Trainee: 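My structure is below; once you've seen it, I'll send some questions.
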Amino acid sequence: MGLFQPDTDIFRHRDVLREDYQPEEIVGRDEELQQYISALQPVINGDQPANIFLYGKAGVGKTACTRYLLSELKEDAAEFNIDLTTIRTNCEDLSTSYQVAIQLINELRDPDDQLKPTGYPQRQVNEWLWEELDSIGGTIIIVFDEVDHINDDSILYQIPRARANGNLENSKVGIIGISNDFKFRESLSSKVQSSLCEKELQFPAYNANELRDILRQRADLAFYDDVVPQGVIAKCAAFGAKDAGDARQSLDLLMEAGDVAVEQNADQVTVEHVDKARSSLERSRIVDGVAGLTQQGHLVLYALLMLHEEGSTPIRARDVQDRYEIVCDRAAVDPLVPRRMRDHLGELAMLGIVSRTERNKGEAGGRYYEYELDTNPDLLLEALEKTVDMVGVTDAIQKRLDQSV
DNA sequence: TTTCCACAGGAATAAAGGGCGA
DNA sequence: TCGCCCTTTATTCCTGTGGAAA
């Protein structure tokens with residue numbers, strides 16, 4: 001027998017479980033779809049499209065509904081001879097309006113006429129953007145997914161106003177902004193709020209029943225018959241429901257569980273596979289999170305890890321600072337000021353690596369956060385050691401620690 | 001009810017770094 | 001190469017905040 005042989009085939013169409021799969025039918029979002037349809041109605045009437053703002057936690061179907069409705073809208077628009085173009089931009093890796101504009105231009109331009117991500121004057125970039133948009137003509141809907149990643153909102157202001165400001169003549173542009181962050185709306189300047197948030201749709205979290213329906217629908221397409229028992233569906237649904245009614249998490253888990261089953265040559269996915277999948281997803285989440293940190297982020301995490309091992313957590317930022325400065329000293333790196341160190345702690349909290357609890361001791365001690373690890377420390381250490389720039393640092397710290405013992 | 005603690009986190013700004021056109 | 005432009009990381013300064021204590 002050769003080195004390679006086909007896996008046991010329990011997957012019919014594995015891609016059905018992927019994030020970018022577009023289901024033919026949306027489950028459990030009837031009410032939201034109705035509201036969404038009426039918000040998009042002006043397009044079919046040939047009017048200027050409304051700007052729509054969608055918010056709701058991760059994995060509650062905002063993107064899926066948008067994709068689904070826009071493809072329906074395109075078909076219907078064609079029927080009524082309406083010239084409709086839709087552009088989707090994920091702002092996940094874009095932090096400024098400048099980058100967003102470049103990304104949009106590149107999406108509209110030929111692949112051999114692309115802009116580099118930096119180096120042009122802002123005004124020039126804007127002019128190019130209006131040129132590209134105006135040359136399309138008709139109705140244009142631009143979807144900004146994860147719009148909260150953009151730190152300045154100037155593009156969200158400029159695009160809806162472009163026609164009024166004389167930058168566009170042939171095209172009617174509408175924006176759909178999608179965000180996980182409820183506070184994002186508040187953080188927008190009032191002029192953007194009034195234009196972008198003409199229509200607001202809120203997507204509530206899925207409950208466990210809706211999650212089960214979604215998982216069942218996808219599992220029936222993704223796997224062969226009788227491969228996924230109801231107990232597995234229920235377990236994956238419970239996992240998503242526990243966190244935030246997150247369908248994406250549940251689907252990822254189901255796919256990973258399927259992969260585990262394939263690896264083990266099983267002909268059914270079992271609850272044990274789900275457990276294994278869960279820890280493997282957790283592991284890669286941590287490893288990726290840690291790998292994305294800067295060296296200073298690693299040092300802060302390392303300091304917190306040491307404190308955790310000593311049983312000193314939960315701990316307030318200023319006490320972390322003391323240890324952090326020692327770590328920096330041993331690693332021969334200049335320590336950051338407390339304000340900046342707190343930013344790194346906040347970033348760790350955002351990644352879910354550490355958790356923090358607000359404390360308030362009033363006049364006696366003021367208001368502050370206490371931080372503690374929210375992750376398996378062994379996993380963290382493993383992730384830290386995997387990270388290139390930490391290799392030398394952890395070794396150096398370890399060596400000096402050994403010496404000082 | 002007012003005061004006040006001690007940090008949270010926003011804003012302004014600087015410095016370093018990297019890509020661009022000319 | 002130079003000057004310009006944007007990004008990232010960091011510093012400094014400052015206002016906001018919630019609840020125990022006065």
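In the text below, chain A, chain B and the rest are named by the order of the sequence lines, each starting its count at 1. Since this is a predicted model, take the numbers as computed values, not measurements.
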Trainee: Answer yes or no: is there an ion pair linking A:Lys235 with A:Asp275, defined by an N-O contact shorter than 4.0 Å?
Mentor: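 So A:Lys235 pairs with A:Asp275 through a salt bridge.
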Trainee: Are side-chain N/O atoms of A:Gln321 and A:Glu325 paired as donor and acceptor at under 3.5 Å?
Mentor: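 There is such a pair (donor and acceptor under 3.5 Å, judged by atom type) between the side chains of A:Gln321 and A:Glu325.
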Trainee: What string of B, S and - do you get for nucleotides 11-22 of chain B, 5' to 3', when a contact is any protein heavy atom under 4.0 Å?
Mentor: -------BBS--
Trainee: Measuring from A:Ile214:CD1 to A:Leu251:CG, what's the distance to the nearest 0.5 Å?
Mentor: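 Output value for this atom pair is 7.5 Å.
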Trainee: Let me know the distance between CD of A:Gln296 and P of C:dT8, rounded to the nearest Å.
Mentor: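 It works out to 17 Å between those atoms.
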Trainee: Find the distance A:Met341:CE to C:dT11:P and express it as a whole number of Å.
Mentor: 12 Å
Trainee: Round to a whole Å and report the spacing from CG of A:Asp343 to P of C:dT12.
Mentor: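 So the CG-P distance, A:Asp343 to C:dT12, works out to 14 Å.
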Trainee: Identify whether the distance between the nearest side-chain nitrogen and carboxylate oxygen of A:Arg283 and A:Glu382 falls below 4.0 Å.
Mentor: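 Salt bridge: yes.
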Trainee: Quick one: A:Glu363 CD to B:dT1 P, roughly how many Å, whole number?
Mentor: 17 Å
Trainee: Could you check whether any side-chain N or O of A:Gln296 sits under 3.5 Å from a backbone N or O of A:Asp334, counting only pairs where one atom can act as donor and the other as acceptor?
Mentor: yes
Trainee: To the nearest angstrom, how far is A:Gln295 atom CD from C:dA10 atom C1'?
Mentor: 14 Å
Trainee: I need the OH-C1' distance between A:Tyr369 and C:dG18, as an integer number of Å.
Mentor: 11 Å
Trainee: Would A:Arg359 count as a cation-pi partner of A:Tyr368, with NZ or CZ less than 6.0 Å from the six-membered ring centre and within 45° of the ring normal?
Mentor: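 Cation-pi check for A:Arg359 and A:Tyr368: fails.
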Trainee: How close or far is atom P of C:dT15 from atom CZ of A:Arg367, stated in whole angstroms?
Mentor: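 So the CZ-P distance, A:Arg367 to C:dT15, works out to 17 Å.
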Trainee: Count the heavy atoms belonging to other residues, nucleotides or ligands that lie under 6.0 Å from CD of A:Glu169, then report whether that count exceeds 12.
Mentor: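 Open: at most 12 neighbouring heavy atoms sit under 6.0 Å from CD of A:Glu169.
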Trainee: Within the structure, does a side-chain N or O atom of A:Gln99 lie under 4.0 Å from either OP1 or OP2 of C:dT7?
Mentor: yes
Trainee: Partners of A:Trp128 by ring-ring contact (aromatic ring centres under 6.0 Å, His included), sequence neighbours excluded?
Mentor: A:Tyr120
Trainee: A:Phe11 and A:Phe223: aromatic ring centres closer than 6.0 Å?
Mentor: yes
Trainee: Which residues in residues 351-361 of chain A have a heavy atom closer than 4.0 Å to any atom of DNA chain C?
Mentor: A:Asn360, A:Lys361
Trainee: Starting from P on C:dC4, measure out to CD on A:Gln124 and report it in whole angstrom.
Mentor: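 Checked: the CD to P distance equals 17 Å.
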Trainee: Hey, does the side chain of A:His344 come within less than 4.0 Å of C:dT9's phosphate (OP1/OP2), counting only N and O?
Mentor: no
